[in-house]
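Below is one structure; the comments refer to it alone.
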Amino acid sequence: MNSPILRMENIVKTFPGVVANRGVNLEIRRGEIHALLGENGAGKTVLMSILYGLYVPDSGTIYLNGQPITIKSPKDAIAKRIGMVHQHFMLEPTLTVAENIILGQFPSWTILNKQRIGEVHEKIRSLSNQFGLGVDPAARVSRLSVGEQQRVEILKVLYHGADLLILDEPTAVLTPQEASRLLEFLRDLAKKGLTTIFITHKLDEVMQVSDRVTVLRDGQVIGTCETRETNPRALAKMMVGREVLMDLHRKLASPGEPVLAISNLRVRDARGLPVVKGVSFTVRAGEIVGVAGVSGNGQSELALAIAGLIDDVAFDRFQLEGKDVTRRDLRAASHRHSAHIPEDRQKMGMVLPFSVSENFILEEYSSPRFARHGFLRGQAIRSYSQNQVKKFDIKVSDVSEEIANLSGGNQQKVVVARELDRHPGFLLVNQPTRGIDIGATEFVHQQILAQRDGGTGILLISTDLEEIFALSDRILVIFEGEIIGELPSDRSQVEKVGLMMAGKRDPDRE
Amino acid sequence: MRAVTEISNNHEFSMRIRKVLQGTLMPFIAILIALAIGAVILIAANFNPLQAYQAMYLGAFADFSSFTEVLLDATPLICIGVGLAVAFRCGIWNIGGEGQFYAGAVTGTAIALYAPALPGWILLPLVLVGGAAGGALWAMLAGYLKTRFGANEVVTTVMLNYVAIIATSYLVSGPMIEPRGTYPQTAQIPDGARLPLIMPPTRLNLGFIIALLLAVGLYLLIFKSSTGYAIRAVGINPEAAHYAGIQVKKNILLAMAISGGAAGLGGAMQIAGVTYRLFQQISPGFGFTAIAVSLLVNNNPLGIILAGILFGGLSTGARLMQMNAGVPAVLVNVIQGLVILSVVAFGAYRILTMEREE
Ligand SMILES: Nc1ncnc2c1ncn2[C@@H]1O[C@H](COP(=O)(O)OP(=O)(O)OP(=O)(O)O)[C@@H](O)[C@H]1O
Ligand SMILES: [Mg+2]
C-alpha cells in the first residue's frame, strides 16, 4: 500500500554562481504528509519548483507512480495532478477570488456568462465550506489579508484537483489556531488519499502533522526519518548543524518616555467600512509591545496607518517621540522617526529587480553615508552591503546579485537588516520572522531585543503567539479592529490570549 | 555561504551569452526582419530591393561627408531618446517626445529672434536653455495631469503632441511669420544664436557634441546618482518606494521634466544648428523614432548614442534611396515605419517576457 507516488533521483539544479540542488534524492509515499525542512537557501523551494515545472533540472529524474516523467510547465504539473501553493503568492490582485481561481482554466473563447460564473462561485463556496476555509468567491484579492490570500491559494489547488499537494511554508502567515486548523485539514485530506509535501520552519508543526520528514542542507539531503522516531531538538541540529537555543534569554524591560502615543485611531478600508475602530495605546522607549490577533483583524491597516500610508485615517492624537503629528505630515514624520519591517516584503519591502546592495540603501540612499554631491558612493555601498550580508548570514553569491534570486528567508533578512540598522526611536515590526529558519529567527529575535535594550520602543505585530510571547513586554489583543485587552507577557496567559484573539473579551468570566 | 562559492562556470557562461544575444542581437534581427518585409514590398512595387538598399547604405556610409549627415540626423534622436529613457526608467510612458521637441524649437526660436541684441556667448546658451525649459514645461504638463488627476500619460502626451504641432503651424503662419515673407516660416535667427560648425564644410555642428555630453550626463544621472536611484525605484515598484519614503509624485514630475528638457534642447539645437529658422514640419517624426531608439537598447543612454546613429543612418539612407534609386517617398516611409514597428514590438516582447520570468 505504501508504494511511492513520487521519486526524485539525483536532482541537480544550478544558477549562475549558486548550486541550489546538488543531487537530491527524495521519495514520497502515497497518502503521507511529508515535511521538508531546511535552512534558508537550502534549496527547498527550488526542488519543489522543479516538481511543479517552474524550473528544469540540470540533471536527474522524476518518477511519478513509478513512471519517469518530465514536467515542462505548471500546466503540465496540474495535468498530472500536482498542485503547489507558493511561498510568495501568485494571485492577481485586481481580480476577484473566483477569477483568480479559474484563471487560465477555460479556453480563451469561452464566454463567462452569469450562469457559468455562478457555477464557479457555487463550487468555490461549497469547497470553502467543506474545508472551513471561509473564502468569499466574489472578494477582490487586493482587499484580502495575507492570511486570507493563503486560503485562496489552497482553495485554488483543491479546485483544480490534485493527488500531490505541495505547500511552501503555508503556515508562515497563520496564527496557531489557523495553523492547527490547516494541519487538521491536511490530516483529513491525507485520509482521503491526498499526498502532501509540506515545507515549514516550525518544528512543532512537523512533529504534529507529518508522517516522515526530510532535512535539506546546502542543496543536499541530510536524511529522511519517520517523524515519530525523532524530536525537534534532533531535527534542529540536523538542519543547522549545531545546537539551537530554543528559548531566548530576555532581560526585564525598563520602559522610558513614550515614543508612540496614539489615541482613538480610526481607519476605513477602500469600501469605507471601518477596519480599525478607535484604537488607543502607547509604546515607551525600551519596551516591546506585542499586538496579537488572527490575521485580518485590522493589524495590516493599523501598521499601514502608523506608517502614514493609508489615506482614510483619523485620530484624536498621534505623537511620535513626544511630538504631535498631524494627518498631513504623518508620512514624513513616520519616515523620520521610525523604521518599519513590512508584512509583505515583496510588495512593500524591496524592489525586486534591484540588486541586494541597492535594496540595502532603499531608505537611506541619499544620506551622506551612501551619496556624496548627489552621486551614489558605489564602493561605500558595496562594502556596507557586504558587512550586512556577513552579519546577518545572508546567503548570496555577491551583493550585486538581484534580490529576486534570493531564497524567501534571505530576502526577509535583507529587509530586517536594513530596518534594524536605521536605529530609530520607534520600530514597527510586522511579522519579522516570516519565512526565516529557526537559526535565523533566533538571531533576528536577539537583534530586536538588542534594539529594545538600546532604548528603542517597538511595536511588534505578529500572528505567531510563540513570537509574541518570546519578545513582548506587554501584549495587546486585537479583534475586529479593536484592542480588546492588554495582558502581561507571561506564558501562563497563552491560553487566555488565544481565547481573546477568537473574540472572547472576558475569558476569565467563564 | 558554502554552496554559493561553487561556481558552475559553464552554465554562467551560457547564461551570459544568452543575455547578450537577447540584449543586442535580437533588436538587430528585428531590423533585418523589417528590411526583409520592406524588400517584399519593394519587389511588389517593381523596384529592385538590392539596388534600393545599396543606395540606402551608400547614402549613409559611403564617405565621411555623408556620415556627418547621419550624425546630424542622429543628434535630435539622441537628445529625445535619452530623455525618454529617463521617463521610461521611471515607469512613465512618455510618448510626447515629438511635442516636447516642438515646444523647445518654438521657445528657442522665440528667444533667438526677439531677445534684445545680445552677444553670442550669452544668446546661444540662452536659446538652448530656453528650449530645454520649454520642452520641460510641456512635459511637466502631462506629469502634472498624471500625478494630480491620475490622467494616463500615454493619452495626454499624445494629445499634447498634436497641440504643439498645430500651435507651431499657427505661430509660423501668423504671429511669428517672417516680416514681409509669404511662406509659413519665421525669419532666420541671428548668427549669434547659431551653433558653430565643427567640421566645415560639412553641416556637422556643436549640437552633436552637446547631444553626446547629454547622453553621458543622463547615463550618470540614471545609474550613478541618488536622484536616478529614486527614479528607477519609483519606476519599478512605486509602492515599495513610497513605503521607503521616496516621494513618488515628485520623482514622476522630475523624470518628466528631464525627459521633456532633453527633447526641448534637441528642438532648440535643430533650429540653432541645422535649419536656422522655424517652420511647420520642423521634425519628420524624430519624437516617435526616438521611442524605438530608446527601447532598442533597453533605455540605456550610452546605448542610445549608437542606436541614434543607426536610426540616423536609416533615415539619411532612406532619403538617398529616394533620390538615387527613385523609390517614392511613401514607400521609403513605409520601410522606416516597419523598422520602428518591429523594434518597438521586440522591445515590448522583451519587457513582457521579463515580467513573466519574475
Ligand atoms: N532564480 C534564481 N536565480 C539564482 N539563484 C537562485 C534562484 N532561485 C533560487 N536561487 C538560489 O538557490 C538557493 C536555494 O534557494 P531556495 O529558494 O530553494 O531556498 P529555500 O530552501 O526555499 O529557502 P527559504 O527557506 O529561505 O525559502 C539560494 O541560494 C538561492 O539564492
Ligand atoms: Mg523557500
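The model shown is predicted, which means the values in this text are computed figures rather than measured ones. To find a chain, count down the sequence lines: A is the first, B the second, and so on, and within it residues start at 1.
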Residues of residues 363-374 of chain A with a heavy atom under 4.5 Å from any heavy atom of chain B, in residue-number order, are A:E363, A:Y365, A:S366, A:A371, A:G374
Under 4.5 Å to a heavy atom of chain B? For A:I361 that would be both
Whatever's closer than 4.5 Å to a heavy atom in chain B on A:M350 counts as backbone
Sorted by chain and number, sequence neighbours left out, side chain to side chain donor-acceptor pair (under 3.5 Å) with A:S400 holds for A:D398
Rounded to the nearest 0.5 Å, what's the gap from [atom1] on [X] to [atom2] on [Y]? Could you check?
X: A:R331; Y: B:Y243; atom1: CZ; atom2: OH; value: 8.0 Å
X: B:I236; Y: A:L352; atom1: CD1; atom2: CG; value: 9.0 Å
X: A:L376; Y: B:F223; atom1: CG; atom2: CZ; value: 12.0 Å

Minimal heavy-atom distance between A:V351 and B:A233, with the atoms involved, is CG2-CB, 4.4 Å
*asked:* Can a donor-acceptor pair be found, under 3.5 Å and without considering hydrogens, that links the side chain of A:H335 to the backbone of B:A244?
replied: yes
Check: For the side chain of B:N237 and the backbone of A:K347, is there at least one donor-acceptor N/O pair under 3.5 Å apart?
Finding: yes
Exercise for the section: Go through B:R232 and A:E358 one step at a time and tell me if the side chain to side chain contact (heavy atoms under 4.5 Å, CB included) criterion holds. Expected result: CA-CA 11 Å; B:R232 282 184 293 134; A:E358 280 175 314; 2.9 Å; yes
More than 12 heavy atoms of other residues, nucleotides or ligands under 6.0 Å from CD of B:Q247: yes or no? no
